[in-house]
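Single-structure report; data block below.
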Amino acid sequence: MNFDLSALRQEFPFFSAHPEWIYLDNAATLHKPQAVFDAMNEFYRSQNSNVHRSAHGLSQQATTAFETARTTVAQFLNARFSHEIIWTSGTTAGFNQLVFGLMGPVLQSGDRVLISSMEHHANIVPWHIHALPFGVELDVVPLTADHRFDMAAFEELLQLKPKVVSISHVSNALGHIQQVADIVRLAKAAGAIVVLDGAQGIVWQRIDVQALDVDFYLFSGHKLYGPTGIGVLYGKTRYLALLRPLLGGGEMIKTVSFTQSSWNDLPYRLEAGTPNIAAAVGLGAAILWLQQQDLTAFQQHKTALVQRFYDGCKQIPLLDLLSGPTTNAGIVALNLKNEHPADLATLLDQQNIAVRAGTHCAMPLFNTMNVKGSVRFSFACYNSFDEVDRTLAALTTAVELLSE
Ligand code: PMP
């Protein structure tokens with residue numbers, strides 16, 4: 001490990017407030033470093049004002065802080081322009097805007113969209129609401145026998161000429177890292193607009209949207225050490241320009257009469273209403289904090305945590321491991337034979353180990369695997385080997401109790 005773990009943990013106030021917890025629910029949301037609280041506090045204490053609208057100095061300061069955060073995100077993703085960063089309230093909101101916005105200008109009845117079996121509901125249900133009722137057809141990349149993204153089947157499905165391919169960068173249920181460079185290249189060669197759900201991928205590796213040549217990339221601030229209530233819909237200018245706004249109201253217009261309105265330029269056209277200004281500032285601070293860290297060391301540490309946990313689980317009888325340690329962004333999903341995942345999670349909770357049980361907003365994936373759900377252990381850079389060992393000990397006791 002190339003970083004000082006105890007110094008790192010000290011930057012996260014949660015751990016000193018709650019030393020009793022082992023937090024392994026990092027795929028649901030991450031803890032935040034002090035730098036994020038400081039930035040948000042400072043905004044509310046000394047700059048609080050609405051953005052863009054008023055001519056007064058405070059509003060200008062708030063607007064500067066808000067737009068600086070947008071530029072920070074744009075630079076972090078290596079987007080060509082800041083206006084390619086659309087603030088949303090999270091990945092889910094981003095997908096709803098995206099899918100609604102594509103309907104008509106890009107997608108019409110009879111067009112096809114390709115997703116994978118591993119998608120989160122946020123990349124499934126918006127298609128059901130906004131696209132399928134208008135005649136769009138959804139194709140799904142199947143899983144291989146070992147529950148991975150089936151690249152050969154993907155290439156075959158591309159022959160159906162989907163207009164949009166929308167795939168998660170990292171599976172939130174299993175932790176698999178998809179070969180996004182190949183997926184984007186093949187999908188674009190087949191003429192599709194390519195969307196990546198980066199909700200889990202953004203924290204795993206630096207994304208260069210231009211090098212990757214992806215058309216849309218979505219993520220949530222709270223899964224990148226930032227606050228809840230803020231997210232990003234990145235899109236190439238030419239595609240964002242096509243999107244119909246899902247939300248109408250203040251800020252997104254140029255002119256309004258009682259009978260019609262004309263829309264503002266990007267990015268404001270897709271950002272109706274007062275945004276979550278403090279959260280945008282907080283996300284900017286999270287990214288600046290992250291840029292001072294050694295991301296490669298974080299990756300290596302998480303990989304080592306997963307490997308150690310996985311190896312330990314293999315020694316515990318009756319556990320079914322659904323995800324392995326290779327090409328894994330930090331998630332081990334497992335089940336105890338014949339037991340409901342919630343029972344195991346409850347016993348761990350009683351020992352202050354936070355994990356998640358269920359189908360993790362990926363119900364179709366579990367149906368495809370013919371598994372009722374899983375217990376998900378998701379690791380972050382701030383977890384320790386000691387926590388892995390204590391969790392393995394608690395898991396062994398819980399398994400013994402449940403299999404008595
Ligand atoms: N996609 C993936 C892969 C996710 O893990 C999540 C969050 N669990 C989402 C989308 C939705 O993110 P949010 O709930 O922050 O909108």
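Remember, it's 1-based here, ligands and their atoms both numbered in the order they're listed. It should be emphasised that the depicted structure is a prediction, and the values quoted were computed from it without experimental measurement.
If you number the atoms of ligand 1 from 1 as listed, the ones under 4.0 Å from a heavy atom of Ala122 come out as 10 (C). Near Ser220, the atoms of ligand 1 lying under 4.0 angstrom from a non-hydrogen atom of the residue are 12 (O), 13 (P), 15 (O), 16 (O).
In terms of protein heavy-atom proximity, atom 14 (O) of ligand 1 is nearest to Thr92 OG1, 3.7 Å. Looking only at heavy atoms of the protein, atom 1 (N) of ligand 1 is closest to Asp197 OD2, 2.6 Å. The closest protein non-hydrogen atom to atom 5 (O) of ligand 1 is Gln200 NE2, 2.7 Å. Annotation: atom 8 (N) of ligand 1 to nearest protein heavy atom, Lys223 NZ, 2.9 Å.
Qualifying ring pair (Phe, Tyr, Trp, His ring centres under 6.0 Å) partners for Phe76, counting only residues two or more places apart in sequence or in other chains: none.
Between the side chains of Asp386 and Ser384, no donor-acceptor pair is found at a separation under 3.5 Å.
Considering only heavy atoms from C-beta on, Lys314 comes within 4.5 Å of Leu321 through its side chain. Between His360 and Phe366 there is a side-chain heavy-atom pair separated by less than 4.5 Å.
Under a 4.0 Å N-O distance rule, the pair Asp265/Lys254 qualifies as a salt bridge.
Few gaps surround CZ on Arg185; more than 12 heavy atoms of other groups in view lie less than 6.0 Å from it.
When non-hydrogen atoms are compared, ligand 1 lies under 4.0 Å from neither the backbone nor the side chain of Ser168.
At least one heavy atom of His222 sits under 4.0 Å from some atom of ligand 1.
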